[in-house]
Amino acid sequence: MFSDADSGSLKLDQGVHIGDCLRLPDQRFDLNLVDERSRFCLRVRETHVSAFAKASGLALPTQVGTTRQDENALIMCLSPDEWLIIAASESKDLIKRKTDQFKSAPFSLVDVSHRNVAFTLRGEGAAAMVNVGCPLDLDLKAFPVGKCTRTIFERAEIILYRPAETEFHIEVWRSFAPYVLSVLSNGAQAQ
Amino acid sequence: MMLIECPVCKEKRPELEFRYAGEAHIARPEDPDALSDQEWAKYLFIRSNPRGTHFERWVHAHGCAKFFNAVRDTVTDKFVMTYKCGEARPSPEQIAERQS
Amino acid sequence: MSQYRRTKKGRVDSRQQISFSFDGKTYQGLKGDTLASALLANGVHLVGRSFKYHRPRGIMAAGSDEANALVAFDRGEARVTPNMRATTLELYDGFKAQSQNNWPSLNFDVTAINDRLSAFFPAGFYNKTFMWPKSFWDKVYEPAIRATAGLGPAPKAADPDKYDANYTHCETLIVGAGPAGIAAARAAAKKGGRVILVDEQGELGGSLLSAPDQKIDGQPAWDWLAESLAELDAAENVTLMPRTTAIGYYHDNFLGLAERLTDHLPEDAAEGPRERLHRVWAQEVILATGAIERPLVFAGNDRPGVMLASAAQTFLNRYGVAVGEKIAVVTGHDSAYKAAFDLSDADIEIAVIVDCRAQVDQKLIAEAEKRGISLRTGHTVTATKGRHRVKSITINKVNGDQVDPAGETLECDALIMSGGWTPSVHLWSHSKGSLQWRDDIAAYVPDKPNENAICVGACNGDFGIGAAMAAGAKAAGGDHTFDVDDTWPWTGAGTLEILPTHRDESRIKAFVDFQNDVTAKDIRLAVREGFKSIEHIKRYTTTGMATDQGKTSNLNGLQIAASALGRPVPQVGLTTFRPPYTPTTYGALAGNNGGAAFDVVRKTSIDGWAEEHGAVFEPVGLWRRARYFPRDGEDMHQAVAREGKATRDSLGIFDASTLGKIEVVGPDAAEFLNRMYTNPWTKLGVGRCRYGLMLGEDGYIMDDGVIGRLADDRFHVTTTTGGAPRVLAHMEDYLQTEWPDLDVWLTSITEQWAVIALNGPNARKLIEPFVEGVDLSSDAFPHMAVRECKVCGIDARLFRVSFSGELGFEINVPAHYGRALWETLYAAGQQYDITPYGTEVMHVLRAEKGFIIVGQDTDGTVTPYDAGMSWAIGKKKKDFVGKRSLARPDIVAEGRKQLVGLMTKNPKTVLEEGAQIVMTPNQSIPMEMVGHVTSSYWSETLGHSIALALVADGHDLKGQTIYVPMPDEMIEAEIVDTIFYDKQGEQLNVF
């Protein structure tokens with residue numbers, strides 16, 4: 001519902017401006033800001049997960065650190081009872097409607113669409129760029145395609161997701177985004 | 001930098017993702033009003049501070065966000081084992097086995 | 001080519017001359033030289049002055065163990081790096097460096113008078129000399145010490161260089177690319193997994209670079225080295241890192257590797273970052289860090305031209321430089337013979353080999369004889385002469401315990417020495433691996449590991465190359481053995497501490513720590529004065545505390561101390577090695593955290609507007625918040641007076657986005673809040689709000705905020721700006737670990753919502769046209785109400801709350817729309833003279849109403865009773881966090897500090913926050929302090945200053961006069977109620 005068309009005169013501003021240094025000409029990596037998305041924090045007790053998935057039609061991954069992507073949304077399992085649902089900005093009501101189908105036990109769905117901004121880092125050098133500030137081992141054996149996790153990037157908390165071998169998706173709280181970009185930008189200049 | 005195995009995520013992660021949360025296995029009394037001032041003070045303030053095996057609470061703050069318990073040796077600074085909240089305190093035998 | 005260059009020797013390229021400057025004078029060197037080797041090739045030995053006595057000093061080592069030759073490496077004004085070792089600086093065309101610690105020049109240093117006055121600079125001299133009178137410290141002693149002491153100066157301009165840092169993971173990390181390290185790397189490469197091989201030097205090879213005669217598996221060492229490195233370089237799983245120092249070894253096989261990327265390049269060729277800090281986790285660590293040769297301790301052992309035997313050997317074999325033309329040798333270890341023979345074989349005259357041992361290996365005697373070298377076993381060196389370079393030495397015969405006073409003086413232009421070898425266990429010790437003493441080599445070697453680490457080769461006390469290489473290979477899972485001829489004798493050093501002498505030991509300077517100018521006599525004096533622990537002796541004498549951390553001095557100092565204490569070395573202990581292994585730049589440690597990345601500065605979505613409108617900001621936690629918006633020429637006082645008045649008179653707009661927000665969802669949400677807050681929540685209606693007060697379990701106020709009920713099972717909780725993460729963690733803690741049965745979940749929504757607060761009589765009129773679906777009349781939407789609605793077509797949460805005492809609304813909209821909504825409201829508000837205000841006015845307006853700021857009016861020892869907020873406690877609740885503590889004896893006792901208002905007698909006087917309060921003005925000092933001012937402002941609304949204060953039993957003292965003593969006056973004030981403005985709250989309902 002929060003697309004520009006619906007917002008009347010109000011302009012959407014994610015508050016992030018990506019400098020030129022984050023697009024290296026040799027294509028080792030390319031950083032882009034992800035457009036506005038619908039995001040939900042979903043909390044369901046472990047014992048109700050399968051019932052919830054069945055009722056809502058939302059395929060919840062059940063292993064911490066795994067993701068599911070279908071036509072509706074990208075769903076990351078961040079904790080045994082916590083999921084981040086990312087969908088198109090106009091899919092907000094759709095997600096709400098689907099989760100409302102689950103009535104047999106309590107759960108929590110909270111709109112956090114604007115809490116985060118997201119970047120994608122693509123290219124051969126993407127993993128090295130993430131490792132500028134993220135301490136995790138990004139070798140494919142340790143961090144395979146499809147893996148997601150909450151972790152840190154220097155002094156900011158991020159959610160890191162690897163959609164493809166040379167692509168990373170970083171979610172960060174809005175006010176920490178300029179800091180993460182600054183570190184990435186310094187790191188990019190140092191490559 | 002220490003690597004801590006989160007018993008919830010089942011992954012070893014750098015200590016940067018974690019926060020210490022005090023001594024473990026000190027349950028909040030069911031009925032605080034039933035406690036004498038001395039008993040309440042003991043619950044509030046008195047901690048064991050041992051040399052050697054220490055039962056600790058940690059939270060995987062920048063990971064799965066779950067609290068868990070750990071056995072750590074305060075002499076070597078090493079984590080002996082971690083386990084989920086609600087699980088029983090490991091026995092001296094279990095701890096010794098992990099340490100060997 | 002100078003007389004000291006041996007062009008047939010060494011790995012330097014004699015076809016590539018390069019020009020460099022030292023102390024402004026231009027010299028020629030060769031590609032592959034270090035500053036040290038190039039200076040020596042030019043016959044320059046004097047390169048610096050010592051720290052305390054300003055004695056002339058030369059080059060004593062060939063690697064990072066150098067303690068004397070510290071220079072300022074000059075890459076331009078902002079890039080001067082002081083205290084760099086000449087032995088590790090790689091030369092390039094246009095290289096520049098300066099000597100340091102001398103004035104006015106290296107050859108003539110005025111402060112060298114310290115050397116003559118050295119009787120006045122004994123161990124512990126700072127502690128002893130500058131004691132009295134106390135008043136002299138600041139004005140006389142400290143400035144004098146600072147002016148004369150210290151090493152090189154730091155650059156004054158900002159560092160223009162970039163630095164980088166990353167995290168790296170590998171299966172095998174090998175530190176040290178000598179024969180053992182390379183053998184390990186080759187085995188590890190075959191095993192698979194990621195392998196990193198680091199070495200602090202520009203060229204990989206370690207001791208092999210100084211041993212061209214060595215044969216490995218039938219190949220000359222340098223051929224074997226080239227082949228091995230090519231093989232490793234081609235292996236996909238191996239990363240070779242020259243110029244990379246493993247600076248520290250921490251828990252769980254985590255190491256810091258500082259890689260120097262550009263310092264060896266001419267300035268115009270230096271691109272990219274200067275250094276990169278690799279923060280590495282390794283599954284296994286193989287330490288092949290080698291050993292460091294020990295100097296001998298004797299009178300005049302610090303003279304330029306006196307150096308380690310292995311250094312002279314390295315300068316010859318690796319750099320093609322003769323460190324003298326007539327070289328004397330003094331040793332207690334076999335290894336110096338090999339150095340002497342290499343020099344002799346390069347047609348350098350060996351004046352004498354002095355061995356303090358009576359017996360040496362027959363092979364060594366035979367080899368010396370073959371070369372016609374005079375060998376004097378059972379002898380000692382008792383003096384050296386030569387002002388800026390050694391010219392002669394005096395040697396004396398040793399008969400048992402006696403030294404024959406009849407000495408013999410021999411001319412030489414260099415003296416090379418060996419006191420044995422010290423395994424480099426620094427990193428092993430960082431990792432808390434234990435050590436054991438080995439008498440046969442008079443050194444500590446690794447014992448039990450504390451991490452998944454192994455020491456191989458010389459750092460493990462195994463000095464034979466073949467054995468070291470086999471150990472390296474084995475450590476990495478290989479089984480290769482190497483055909484190496486290393487049958488040279490390798491014994492000596494025993495428990496040598498100081499060379500025997502007939503001279504009065506209190507009158508000679510036999511240096512132990514060259515960089516900190518500590519002599520053997522200083523250590524003995526410390527022991528005589530009662531110091532018994534090596535840790536204390538170290539600190540008292542400063543031995544081992546220089547920038548080299550005692551690489552060459554620790555064991556000599558330890559042995560001298562042990563001997564003076566009459567105890568074996570292992571009983572005296574060893575001081576602790578700490579990171580970094582060698583000095584590390586701040587730039588490397590800062591990595592990518594320069595400029596805007598220095599720290600997190602959280603900005604709201606409206607921050608940009610505030611910046612464009614001239615806001616002055618203040619930090620609040622990690623956030624920066626607009627403090628006030630000065631108009632042309634206004635100071636803070638004027639701006640705050642204007643913003644506050646405009647808000648009370650008409651309409652103020654305030655960015656409250658930083659407030660912490662937590663969405664509490666679930667059927668047990670109200671019950672959970674009942675337990676976390678003092679107030680009752682069960683009966684709070686949907687659409688209504690209540691002020692919530694949170695205590696710690698100790699009963700003290702921890703946080704507060706307004707909580708709105710959006711649905712039966714959904715609350716919108718607000719917290720203080722700085723308390724947001726702490727409150728959420730506190731709630732999660734109780735929820736997860738005490739009450740996991742509650743069906744309730746917590747989600748941080750601080751950043752989801754931008755919050756625009758509108759306060760003032762015209763607030764409703766402004767927002768009414770923009771709000772859809774809410775009847776804003778006071779009956780339908782009273783004070784402390786909340787609705788989900790649309791504002792400007794956007795989903796919003798609208799609160800009717802007030803932290804100012806005026807009619808107030810807080811509009812929450814999704815953060816990316818915050819600025820757009822602010823601009824819309826600001827434009828529409830012009831008809832009401834809408835005034836943006838900052839945190840300063842927010843503070844003043846709330847103080848006028850007596851609202852507390854947690855953390856300002858409370859300090860972690862204030863209970864709800866103390867704060868006068870008993871009304872916030874749900875009396876019927878059986879339990880909540882902190883409740884039991886409110887009945888603790890000291891919480892209910894009399895005499896607690898309680899929150900009150902203060903009105904100064906002189907309305908214009910604004911008290912200082914933090915000022916102490918006394919009951920009577922004419923007490924003698926120290927006065928009895930009964931409390932302090934917590935908040936204090938000028939209230940433009942009241943035309944009077946106001947303050948809040950914590951005063952002992954203050955609630956019973958209303959109307960009493962108290963006093964605030966200040967340096968120049970005694971301020972009189974009256975204790976009053978905490979609410980200064982609109983006590984009835986009528987302004988909340990103004991239309």
Side-chain angles (χ1 to χ4, degrees), chain A residues 1-2 6-15 36 39-45 81-82 92 105-117 128-139 142 154-156 173-176 178-191, chain C residues 162-169 194 272-273 276 279 281 591-605 607-608 622-623 657-658 663-668 713-714 743-754 792-795 813-821 823-824:
Chain A
M1 295 301 284
F2 280 10
D6 293 334
S7 64
S9 59
L10 293 194
K11 199 170 140 257
L12 182 136
D13 176 8
Q14 298 201 75
E36 188 208 14
R39 293 181 181 86
F40 290 96
C41 177
L42 171 70
R43 305 293 303 275
V44 186
R45 282 194 189 270
D81 64 350
E82 180 186 351
K92 188 166 282 188
F107 66 96
S108 161
L109 185 77
V110 174
D111 181 356
V112 291
S113 302
H114 286 198
R115 184 173 78 172
N116 294 3
V117 294
M129 281 302 294
V130 174
N131 271 144
V132 158
C134 172
L136 302 184
D137 187 352
L138 301 180
D139 185 272
E154 294 291 39
R155 287 187 289 287
W173 281 14
R174 192 183 195 280
S175 73
F176 286 88
Y179 167 79
V180 169
L181 263 191
S182 295
V183 177
L184 281 171
S185 162
N186 285 348
Q189 288 174 55
Q191 296 305 300
Chain C
K162 292 256 174 243
Y163 297 84
D164 188 25
N166 64 41
Y167 289 97
T168 308
H169 296 256
R194 294 161 291 180
R276 178 173 291 136
R279 295 165 283 184
W281 275 283
N592 288 306
N593 288 285
F598 182 69
D599 200 2
V600 177
V601 178
R602 302 176 72 181
K603 296 175 184 172
T604 72
S605 55
D607 179 277
L622 289 176
W623 291 97
S657 303
T658 64
E663 198 151 317
V664 179
V665 181
D668 292 326
D713 61 353
R714 190 174 295 257
D743 274 323
V744 58
W745 293 273
L746 315 171
T747 305
S748 173
I749 49 167
T750 301
E751 298 243 32
Q752 162 66 13
W753 301 102
C792 294
I794 306 290
D795 283 341
V813 287
H816 303 334
Y817 292 113
R819 177 163 180 172
L821 178 62
E823 286 176 350
T824 301

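Side chains included, hydrogens not; waters and symmetry mates left out as well; all remaining heavy atoms used. In what follows, chains carry the letters A, B, and so on, assigned in the order in which the sequence lines appear, proteins first and then strands, with residues in each chain numbered from 1.
A 4.5 Å side-chain heavy-atom check between Arg279(C) and Pro135(A) finds every atom pair outside the cut-off. Contact annotation: the side chain of Thr168(C) never approaches that of Asn131(A) to less than 4.5 Å [non-hydrogen atoms, C-beta and beyond]. Looking only at side-chain heavy atoms (C-beta outward), Glu154(A) and Val600(C) stay at 4.5 Å or farther from each other. In this structure, Val112(A) and Glu663(C) have side chains that are not in contact, with every pair of non-hydrogen atoms separated by 4.5 Å or more.
Remark: Ser748(C) engages no residue in a side-chain hydrogen bond (donor to acceptor under 3.5 Å, both in side chains) (not counting sequence neighbours). Qualifying salt bridge (charged side-chain N to carboxylate O under 4.0 Å, His left out) partners for Arg39(A), counting only residues two or more places apart in sequence or in other chains: Glu171(A).
Nearest heavy-atom pair, Ala596(C) versus Ser182(A), reported as atom, atom and distance to 0.1 Å: CB-OG, 3.5 Å. Arg155(A) approaches Ala597(C) most closely through the heavy-atom pair NH2-O, 3.7 Å. For the residue pair Ser175(A) and Lys603(C), the shortest heavy atom distance occurs at CB-O, 3.6 Å. Scanning all heavy atoms of the two residues, the minimum distance from Asp164(C) to Gly187(A) falls at OD1-CA, 4.1 Å. Closest heavy-atom contact between Trp745(C) and Asp81(A): NE1-OD2, 4.3 Å. The two atoms that bring Tyr179(A) and Asn593(C) nearest to each other are OH-OD1, 3.2 Å, heavy atoms only.
For Leu181(A), no part lies under 4.5 angstrom from a heavy atom of chain C. Contacts between Asp599(C) and chain A at a heavy-atom distance below 4.5 Å involve backbone atoms as well as side-chain atoms. Heavy-atom distances place the side chain of Leu622(C), and not its backbone, under 4.5 Å from chain A. Neither the backbone nor the side chain of Trp753(C) comes within contact range of chain A; no heavy atom of the residue lies under 4.5 Å from a heavy atom of that chain. No part of Val744(C) comes within reach of chain A, as not one of its non-hydrogen atoms sits under 4.5 angstrom from that chain.
Between the Arg819(C) side chain and the Gly15(A) main chain, no donor and acceptor come within less than 3.5 Å of each other.
Between Asp137(A) atom CG and Arg194(C) atom CZ the span is 4.0 Å, to the nearest 0.5 Å. Interatomic distance, CD of Gln752(C) versus CZ of Arg174(A), reported as 10.5 Å (0.5 Å rounding). One finds the CD atom of Gln189(A) at 9.0 Å from the CG atom of Asn592(C) (value rounded to the nearest 0.5 Å). Between His114(A) atom NE2 and Ile749(C) atom CD1 the span is 14.0 Å, to the nearest 0.5 Å.
With respect to chain A, the highest number of heavy-atom pairs below 4.5 Å among Ala754(C), Gly818(C), Ala165(C) belongs to Ala165(C). Interface summary for chain C: among Ala105(A), Cys41(A), Cys134(A), the most heavy-atom pairs under 4.5 angstrom belong to Cys134(A). Residue with the most contacts toward chain C among Gly133(A), Ala156(A), Ala142(A), Ala128(A): Gly133(A) (heavy-atom pairs, distance under 4.5 Å). If you tally non-hydrogen atom pairs under 4.5 Å between each of Leu109(A), Val110(A), Val130(A) and chain C, the highest count goes to Val110(A).
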Practice item. Using the side-chain contact (heavy atoms from CB on, under 4.5 Å) rule, take Leu138(A) and Tyr167(C) through it: C-alpha gap first, then chi angles, then the decisive distance, then the call. Key: CA-CA 10 Å; Leu138(A) 301 180; Tyr167(C) 289 97; over 6 Å; no
Check your understanding: Would Val665(C) and Arg43(A) satisfy side-chain contact (heavy atoms from CB on, under 4.5 Å), going step by step from the backbone distance to the final call?
Key -> CA-CA 9 Å; Val665(C) 181; Arg43(A) 305 293 303 275; over 6 Å; no
